[in-house]
Amino acid sequence: MDCIFCKVANKEIRATVVYEDDQVVAFEDLNPQAPVHVLVIPRKHIPTVLDMTSEDTAVVGHMFEVAGRIARDREVAQRGFRMVINCNAEAGQSVYHIHLHVIGGRAMHWPPG
């Protein structure tokens with residue numbers, strides 16, 4: 001498999017890892033859109049949210065738990081932060097391995113994009 005995020009999870013590609021356990025890896029985004037921009041990925045390769053099964057609900061829930069932990073650690077939780085999962089090209093998904101963006105440290109506007 002030639003998935004860049006699988007390679008990050010397997011430590012074949014360097015990343016600035018901020019959290020990892022047996023289910024997920026969280027690392028700094030290479031193209032940050034805010035002072036805090038961390039990606040949380042499952043170690044299991046799941047291309048898009050449309051490919052998730054009931055077996056994946058626990059790991060996806062854990063991704064959100066880790067995102068909250070990162071927001072608290074980075075001191076953006078109380079001010080506010082955004083969590084985003086893009087699905088497919090028009091939504092902006094460029095790596096086909098689900099990933100949760102944790103973005104904060106500046107005011108977020110609505111609508112996005």
Side-chain angles (χ1 to χ4, degrees):
M1 183 174 304
D2 196 33
C3 172
I4 192 167
F5 286 173
C6 286
K7 290 178 180 181
V8 168
N10 293 325
K11 300 186 181 195
E12 297 170 32
I13 294 177
R14 281 186 156 166
T16 304
V17 174
V18 299
Y19 177 86
E20 67 179 314
D21 61 26
D22 62 331
Q23 297 179 71
V24 301
V25 178
F27 55 96
E28 299 284 349
D29 192 294
L30 288 177
N31 185 27
Q33 301 300 305
V36 173
H37 192 162
V38 174
L39 303 179
V40 182
I41 65 168
R43 289 188 182 275
K44 176 183 177 184
H45 182 78
I46 306 167
T48 75
V49 296
L50 299 172
D51 299 299
M52 291 171 41
T53 69
S54 59
E55 294 175 1
D56 301 319
T57 57
V59 72
V60 172
H62 185 57
M63 290 169 62
F64 279 86
E65 178 187 352
V66 169
R69 183 178 307 166
I70 290 165
R72 286 187 295 278
D73 290 347
R74 297 296 176 94
E75 300 181 346
V76 296
Q78 295 303 314
R79 292 175 47 205
F81 63 102
R82 185 168 285 168
M83 295 183 292
V84 177
I85 297 178
N86 298 317
C87 183
N88 286 328
E90 281 194 20
Q93 186 176 10
S94 59
V95 177
Y96 284 81
H97 182 124
I98 64 168
H99 50 287
L100 176 62
H101 295 259
V102 181
I103 306 168
R106 68 168 174 82
M108 300 288 153
H109 302 286
W110 197 261

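In this chain, residues are counted from 1 in sequence order. Fair warning: this is a prediction, and the values are worked out from it, not measured in the lab.
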Problem - Heavy-atom closest pair, residues Ala91 and Cys87 - result: CB-O, 3.3 Å

Handout entry: Closest contact, heavy atoms only, Ala34 versus Gly104
Key = CB-O, 3.3 Å

Problem - With Asp56 via salt bridge (Lys or Arg N to Asp or Glu O under 4.0 Å) - residues at least two apart - result: Lys44

Hey, can you pull the donor-acceptor pairs under 3.5 Å for the side chains in residues 9-17, sequence neighbours left out?
residue	atom	partner	partner atom	Å
Asn10	ND2	Cys6	O	3.1
Lys11	NZ	Glu20	OE2	3.1

Problem - Side-chain cluster (under 4.5 Å, hydrophobic types only) that Phe64 belongs to, other residues - result: Val18, Tyr19, Val24, Val36, Val38, Val40, Ile46, Val49, Met52, Val59, Val60, Met63, Val66, Ile70, Val76, Phe81, Met83, Ile85, Ile98, Leu100, Val102

Problem - Heavy atoms from other residues, nucleotides or ligands near CG of Leu30 exceed 12 (cutoff 6.0 Å) - result: no

Handout entry: His97 side-chain N/O to Arg43 backbone N/O, donor-acceptor pair under 3.5 Å
Key = no

Handout entry: Any residue meeting side-chain hydrogen bond (donor to acceptor under 3.5 Å, both in side chains) with His62, in chain and number order, not counting sequence neighbours
Key = Asp21, Glu65

Exercise for the section: Can you sort out the partners of His101 under ring pair (Phe, Tyr, Trp, His ring centres under 6.0 Å), two or more places apart, ordered by chain and number? Expected result: His37, His99

Practice task
Indicate if Tyr96 and Ile4 have the same hydrophobic cluster label, given that clusters are the connected sets of ILVMFWY residues with side-chain heavy-atom separations under 4.5 angstrom.
Solution key: no

Problem - Under the salt bridge (Lys or Arg N to Asp or Glu O under 4.0 Å) test, residues paired with Asp2 that sit two or more places apart - result: Lys7

Fill in the blank from the handout: Applied to residues 74-93, the side chain to side chain donor-acceptor pair (under 3.5 Å) test, sequence neighbours excluded, yields Glu28-Arg74

